[in-house]
Number of protein chains: 2
Amino acid sequence: MRRLILDAALHLFRTKGYEGVNMRNIAEAIEYSAATLYLYYKDKNELYFALQFEAAAAKRDHLLPAMEVQDPMERLIEFGRRYIDFGFKHPDLYDLLFITKAPMEHIENQECWALGIATHTFFEETVQACIDQRYFKSTDAATIAYTLWCHAHGMVSLFIRERMRMYPEDQRQALAAKSFEMIIKMAESL
Amino acid sequence: MRRLILDAALHLFRTKGYEGVNMRNIAEAIEYSAATLYLYYKDKNELYFALQFEAAAAKRDHLLPAMEVQDPMERLIEFGRRYIDFGFKHPDLYDLLFITKAPMEHIENQECWALGIATHTFFEETVQACIDQRYFKSTDAATIAYTLWCHAHGMVSLFIRERMRMYPEDQRQALAAKSFEMIIKMAESL
DNA sequence: AAATTTACTGAACATTGTTTAGTAAACAAC
DNA sequence: GTTGTTTACTAAACAATGTTCAGTAAATTT
């Protein structure tokens, strides 16, 4: 039943956007009453957390191929490319994971957070592997990883939240691509 | 009267956060009825836009000292430092300007947008000045500016939206500072 | 067959954005 | 000075949405 609710919610959410969906909508989609949803999820936040987990899983699946690249630097680049690609292709899911303001108080207990931590740890380990192989001069893996993450997140979130209006619409993705190349080149000289 | 409304709204908004404020709250604060607000602002969006303009002005004021630095590279660095500082110190205002999902359809007509564009243009010109003085090897001012902006925005927005839980709370700002230094060093080798 | 548990719902409530109909004061016109 | 008009404002209502509650009907247990 939770599966049924989540699938409907995620589908609605990906078509109509997060804001455009409410409890009655979701209930209607699965042909139950709104009150039924509250039998399976305490409130909208719990449903939100569950959706966040779905998004985290989708993101992990999207990143998976990059994790299998052998060379650490190639892996890092592919990882970044796929991270950004995920954000641009699934703005609603990315939003849910990294932007939406929601009570994050108890998220640490959530499997979702564990998934995110695992991915982040893998990312830092890849950076460390690059350092070990002398791809970077700096040995501060945490800061390098954080810097790269901030850049990628900045690109995706500015795009998602429509703050790139000063650039022509058809050039935004290209600019992001150029910027990604630039940061990789910059990073190589770290 | 608009001044009265805006000041009350901005004050409430900065103390209770954006989500925690509604039209009745604001009206109450200035001891008028909620309906009165609609005499001066068509709807909540218009009030939102006006608030966004206030935030843009606050941001410009915060950045102003950096604009007077003579050396372009020093100016660029001070600009970045102050941009990030603004975001960390005034998360609600930053949120309003760069994160909040709001109908941006007509914002191009807004003075607010003009302010943002002006600042962005100034930023790009500073980057260009750095290029002219051979601070960078790359000559692509637009991409350099965009890259730096994405990084700064990424840092601020991940912080604001509580996505830095994997780092101890008391180390988050320090990490951001280190990352900023790193990107500056990286940039110098562009 | 009776009692209990499970799964669900219609109706209602609270909050919040928004509209409407109306009032009362200030002002204008004669 | 009365009468019409404009201005500034409000109480009350409406609509959408999150949430709760009392009740029902089927399934299960005893």
Side-chain angles (χ1 to χ4, degrees), chain A residues 1-55 92 95-96 99-107 110 112 161-162, chain B residues 1-55 92 95-96 99-107 110 112:
Chain A
M1 185 65 173
R2 286 179 180 228
R3 203 48 282 142
L4 192 67
I5 295 173
L6 278 188
D7 285 343
L10 198 58
H11 176 251
L12 275 177
F13 167 71
R14 289 175 81 160
T15 51
K16 292 178 157 195
Y18 190 65
E19 331 259 272
V21 180
N22 59 45
M23 298 304 255
R24 284 175 178 79
N25 280 342
I26 300 169
E28 211 173 304
I30 57 172
E31 294 182 310
Y32 282 85
S33 83
T36 301
L37 301 184
Y38 288 87
L39 300 176
Y40 299 94
Y41 294 99
K42 200 177 111 272
D43 53 24
K44 208 190 177 187
N45 264 330
E46 276 215 355
L47 215 173
Y48 167 84
F49 284 138
L51 278 176
Q52 209 172 32
F53 178 72
E54 299 291 299
D92 288 331
D95 208 290
L96 203 52
I99 309 183
T100 305
K101 211 173 201 164
M104 304 274 292
E105 296 95 41
H106 306 103
I107 194 169
Q110 233 61 23
C112 166
R161 290 298 167 98
E162 297 280 334
Chain B
M1 186 64 174
R2 285 177 181 231
R3 203 46 285 142
L4 192 67
I5 295 173
L6 277 188
D7 286 342
L10 199 57
H11 175 252
L12 276 177
F13 167 71
R14 289 174 81 160
T15 52
K16 295 178 157 194
Y18 189 64
E19 329 259 273
V21 181
N22 59 45
M23 299 303 255
R24 284 174 178 81
N25 281 341
I26 299 168
E28 212 172 303
I30 58 173
E31 294 182 309
Y32 281 85
S33 82
T36 302
L37 300 185
Y38 289 88
L39 299 176
Y40 298 93
Y41 294 99
K42 198 176 113 277
D43 53 24
K44 208 191 178 187
N45 264 330
E46 276 215 355
L47 215 173
Y48 167 85
F49 284 138
L51 278 176
Q52 208 171 32
F53 179 72
E54 301 290 300
D92 287 333
D95 208 291
L96 203 53
I99 309 183
T100 306
K101 210 172 201 164
M104 304 275 293
E105 296 96 40
H106 306 102
I107 195 171
Q110 234 61 23
C112 166

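Just so it is clear, the structure is predicted and the values come from calculations on it, not from any experiment. Letters A, B, ... are given to chains in the order of the sequence lines, protein chains preceding strands, and every chain is numbered from 1. As a basis for the values below, the full set of heavy atoms in this structure was taken, side chains included, without hydrogen atoms, waters or symmetry mates.
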Which one, [options], comes nearest to the side chain of [X]?
X	options	value
A:L39	C:dT9, C:dG17, D:dC9	C:dT9
B:D43	C:dT18, C:dA7, D:dC9	C:dT18
B:R24	C:dG17, D:dT10, D:dT17	C:dG17
B:K44	C:dT18, C:dG10, C:dT16	C:dT18

Between [atom2] of [N] and [atom1] of [X], the distance in whole Å:
X	N	atom1	atom2	result
A:Y18	D:dT17	OH	C1'	13 Å
B:L37	C:dT18	CG	P	11 Å
A:M23	D:dT19	CE	P	6 Å
A:I5	D:dG18	CD1	P	14 Å
B:E28	D:dA11	CD	P	12 Å
A:I26	C:dT9	CD1	C1'	18 Å
B:L4	D:dA8	CG	C1'	14 Å
B:Y40	C:dT18	OH	P	18 Å

Notebook entry, point to check: To 10°, what angle do the rotation axes through the five end pairs on each side of the helix from C:dA1-D:dT30 to C:dC30-D:dG1 form?
Noted result: 20°
Notebook entry, point to check: Is the charged tip of B:K42 near the ring of B:Y48: under 6.0 Å from the six-membered ring centre and within 45° of its axis?
Noted result: no
Next item on the list: Give A:Y41 one of three labels, base, sugar-phosphate or nothing, depending on what nucleic acid heavy atoms sit under 4.0 Å from its own.
Entry: nothing
Next item on the list: Could you check A:E19 against A:A35 and say which one's nearest nucleotide on DNA chain D is further toward the 5' end?
Entry: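 Whichever sits nearer the 5' end wins; that is A:E19.
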Next item on the list: Output yes when A:E54 and A:R3 qualify as a salt bridge under the 4.0 Å nitrogen-oxygen rule, no when they do not.
Entry: yes
Notebook entry, point to check: Would you say C:dC8 has OP1 or OP2 under 4.0 Å from some side-chain N or O of A:S33?
Noted result: no
Margin query: Any side-chain N or O of A:Y38 below 4.0 angstrom from OP1/OP2 of C:dC8?
Written below: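 No, A:Y38 has no side-chain N/O under 4.0 Å of OP1/OP2 on C:dC8.
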Main-chain N/O of [Y] paired to [X] side chain as donor or acceptor, under 3.5 Å:
X	Y	value
A:R161	B:I99	yes
B:N25	B:G20	yes
A:T15	A:H11	yes
B:R14	B:D92	no

Check: Stepwise, does the side-chain contact (heavy atoms from CB on, under 4.5 Å) test hold for A:L96 with A:Y18?
Finding: CA-CA 8 Å; A:L96 203 52; A:Y18 190 65; 4.0 Å; yes
